[in-house]
Amino acid sequence: MSILITGGAGYIGSHTLVELSQFNYDFIVYDNLSNSSQESLKRVEKIIGKSITFINGDIRDSEKLKEVFSNYTIDSVIHFAGLKAVGQSVEQPLEYYDNNVVGTLRLLEVMKEFACKKIVFSSSATVYSEVDAKNYTPLTESNPVGGTTNPYGTSKYMIERILEDLYISDNSFKIAILRYFNPVGAHESGTIGEDPNGIPNNLMPFISQVAVGKREYLSVFGSDYDTHDGTGVRDYIHVVDLSIAHVKAIEYLGTDALASAIGETKVSLPKINPLIVNIGTGVGYSVLDVVKAFEKASGKEVLYRLVDRRAGDIAKCYANPSYAKEVLGWEATKTLEQMCEDSWRWQSNNPNGYNCDK
Ligand code: NAD
Ligand code: UDP
């Protein structure tokens with residue numbers, strides 16, 4: 001019995017493999033490597049001390065998925081695969097809906113055909129309505145969703161709705177939807193981490209590249225927000241904490257994918273289904289808070305310039321994470337200092353990410 005990890009070679013997926021392995025889960029990685037490299041899996045193999053079954057495939061390829069479900073006994077799926085760049089999604093909406101929404105439909109059809117009915121889905125805080133995020137932080141799961149402002153966010157919202165409708169049609173499906181806030185940081189080994197293509201869109205990888213000398217300065221988008229120092233506030237969550245939330249979600253759904261070596265079977269019935277849960281820390285930090293913490297962690301100066309607001313950004317966005325503690329027994333444990341230290345270890349050990357020729 002294995003868990004199929006779509007998008008398992010990517011940033012959050014690769015970290016989740018490490019945590020799943022620590023908890024003795026068996027898994028298979030399915031990824032088309034469109035935004036990752038197999039090197040991440042080689043590094044994970046080193047950390048966990050065993051080899052990983054990897055299938056190079058696209059979630060839109062039903063035949064390939066069927067082959068995988070025929071060749072392996074898949075108990076459940078953790079579905080990370082998707083495109084995630086907000087700006088790019090505005091320029092290429094059809095590609096984003098095809099990859100994220102159509103890809104998920106193909107995956108769910110094959111899961112249904114093979115009676116594999118447990119899925120953990122990577123959603124995002126972007127599904128909350130913009131108006132709501134402006135007025136009602138910290139966000140709880142009952143805040144209104146939809147009213148998304150870009151195709152990426154809309155694709156996540158659509159998939160949430162598809163999963164809910166699927167459950168209504170067949171309540172033997174067990175579904176956990178995790179709404180991530182801002183994942184950052186890296187595994188403490190410094191061997192796996194976030195490896196963005198080109199100029200990073202997100203704050204932490206951008207700061208890391210300034211500190212390591214790849215970029216001259218950080219543009220701070222907006223300094224006149226209604227926040228403690230005028231810069232945008234977000235809920236940054238360490239990727240290892242986030243990965244552990246997936247292990248908890250899989251446990252919650254009940255799985256038979258524990259390594260047969262230890263001869264255990266976990267059987268539990270989720271009380272709430274589909275489960276929709278925020279994964280954040282509940283603490284908001286501003287852009288300048290992160291810059292200062294990063295300077296301290298790295299011992300490097302991070303040059304920055306205050307520039308205009310970025311279109312579509314809001315002042316504050318952070319989670320009320322108490323429901324995750326209540327239903328999953330999960331809460332974030334890592335501090336902003338650890339997030340910066342681990343990001344720096346990864347960035348300084350791997351200035352060109354996984355690709356030495358970059
Ligand atoms: P990532 O790009 O590092 O990983 C995604 C992986 O999916 C990549 O390895 C990519 O090659 C693969 N992939 C993409 N399309 C595929 C397809 N059609 N078939 C097979 N594989 C495919 O991204 P990540 O940061 O690890 O994010 C994982 C998931 O979490 C994504 O769904 C993303 O939208 C979601 N998420 C990420 C963040 C974030 O800030 N990183 C925040 C909220 C939600
Ligand atoms: N940000 C910034 N400069 C950058 C990238 C991001 O000032 O180069 C700010 C952005 O305006 C927001 C915060 O950092 O306030 C987090 O942005 P990110 O893109 O990482 O995540 P988001 O919350 O927008 O998904």
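All ligand and atom numbering here is 1-based and tracks the order in the structure. All residue numbers refer to positions in the sequence shown, counting from 1.
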Practice problem: Output the distance between atom CG (L4) and atom CD1 (I55), rounded to the nearest 0.5 Å. | Solution: 7.0 Å
Self-check item: Apart from F221 itself, residues in the same hydrophobic cluster as defined by side-chain heavy atoms under 4.5 Å
Solution: V307
Exercise. Run the numbers for me: atoms of ligand 1, each under 4.0 Å from some heavy atom of S124, listed by number.
Key: 43 (C), 44 (C)
Practice problem: Show which atoms of ligand 1 fall inside a sub-4.0 Å distance from at least one heavy-atom site of S122. | Solution: 29 (C), 30 (O), 32 (O), 35 (C)
Quiz prompt | Among F181, Y11, Y152, Y180, closest by any non-hydrogen atom to atom 30 (O) of ligand 1 | solution = Y180
Exercise. Around atom 38 (C) of ligand 1, find the nearest protein heavy atom and jot down its residue, atom name and distance.
Key: P183 CG, 3.9 Å
Quiz item: If you measure from each heavy atom of K156 to ligand 1, is any distance below 4.0 Å?
Solution: yes
Quiz item: Do any N or O atoms from the side chain of D98 and from the backbone of E95 form a donor-acceptor pair under 3.5 angstrom?
Solution: no
Quiz item: So, D241 versus T333: side-chain donor-acceptor pair below 3.5 Å or not?
Solution: yes
Quiz item: Which atoms of ligand 1 have any heavy atom of G57 under 4.0 Å away?
Solution: 19 (N), 20 (C)
Exercise. Find all atoms of ligand 1 within a distance of less than 4.0 Å from any non-hydrogen atom belonging to S36, and give their numbers and elements.
Key: 8 (C), 9 (O), 11 (O)
Quiz item: Do any N/O atoms on D58 end up under 3.5 angstrom from N/O atoms on ligand 1?
Solution: yes
Quiz prompt | Y236 and T281 side chains, donor-acceptor separation under 3.5 Å | solution = no
Exercise. Tell me which protein heavy atom sits closest to atom 19 (N) of ligand 1, plus the residue, atom name and distance to 0.1 Å.
Key: I59 N, 3.0 Å
Self-check item: Any donor-acceptor N/O pair, S62 side chain to R106 backbone, under 3.5 Å
Solution: no
Quiz item: For the side chain of Y354 and the backbone of G193, is there at least one donor-acceptor N/O pair under 3.5 Å apart?
Solution: yes
Quiz item: Given that the side chain starts at C-beta and the backbone is N, CA, C, O, which of these parts of L33 lies under 4.0 Å from ligand 1, counting heavy atoms, or is it both or neither?
Solution: backbone
Practice problem: For atom 15 (N) of ligand 1, grab the closest protein heavy atom and report residue, atom and distance to one decimal in Å. | Solution: N99 ND2, 3.0 Å
Quiz item: Rounded to the nearest 0.5 Å, how far does NZ of K84 lie from CG of N99?
Solution: 13.0 Å
Practice problem: Can you sort out which atoms of ligand 1 are near S34, meaning under 4.0 Å from one of its heavy atoms? | Solution: 10 (C), 11 (O), 13 (N), 14 (C), 15 (N)
Quiz prompt | Donor-acceptor side-chain pairing of Y96 and Q88 below 3.5 angstrom | solution = yes
Practice problem: Identify the protein heavy atom lying closest to atom 29 (C) of ligand 1, giving its residue, its atom name and the separation to 0.1 Å. | Solution: F80 O, 3.2 Å
Self-check item: Protein contact of atom 2 (O) of ligand 1 - nearest heavy atom, named by residue and atom, plus distance
Solution: N35 ND2, 2.7 Å
Quiz item: For ligand 1, which part of S123 has a heavy atom less than 4.0 Å away: the side chain, the backbone, both, or neither?
Solution: backbone
Quiz item: Which residue owns the protein heavy atom closest to atom 11 (O) of ligand 1, what's the atom, and how far is it?
Solution: D31 OD1, 2.7 Å
Quiz item: Okay, side chain of N278, backbone of L139: is any donor-acceptor separation there less than 3.5 Å?
Solution: yes
Practice problem: Give a yes or no on whether a salt bridge exists between D75 and K118, defined as a side-chain N under 4.0 angstrom from a carboxylate O. | Solution: yes
Quiz item: How far is atom 5 (C) of ligand 1 from its nearest protein heavy atom, and which residue and atom is that?
Solution: G82 O, 3.9 Å
Quiz prompt | Option nearest atom 27 (O) of ligand 1 (shortest heavy-atom distance, choices T16, N100, N182, I12) | solution = I12
Practice problem: Quick one: sort the F294 and W344 rings into parallel, tilted or perpendicular, breaks at 30° and 60°. | Solution: perpendicular
Exercise. Compare all side-chain heavy atoms of Y225 with those of D313 and state whether any distance is below 4.5 angstrom.
Key: yes
Exercise. Mind jotting down which protein residues get a heavy-atom contact under 4.0 Å with ligand 2? Chain and number order, please.
Key: N182, N201, N202, L203, L218, S219, V220, F221, G232, R234, Y236, V287, R310, D313
Quiz item: Would you say the side-chain atoms of N350 and R43 include a donor-acceptor pair closer than 3.5 Å?
Solution: yes
Quiz item: When you measure from atom 17 (C) of ligand 1 to every protein heavy atom, which one gives the shortest distance, and what is it?
Solution: N32 ND2, 3.2 Å
Quiz item: Which one of K84, R106, E194 has a non-hydrogen atom at the shortest distance from atom 24 (P) of ligand 1?
Solution: K84
Quiz item: Can we call the ring centroids of F23 and H246 under 6.0 Å apart?
Solution: no
Quiz prompt | Sidechain-backbone polar pair: S123 side chain, I177 backbone, donor-acceptor under 3.5 Å | solution = no
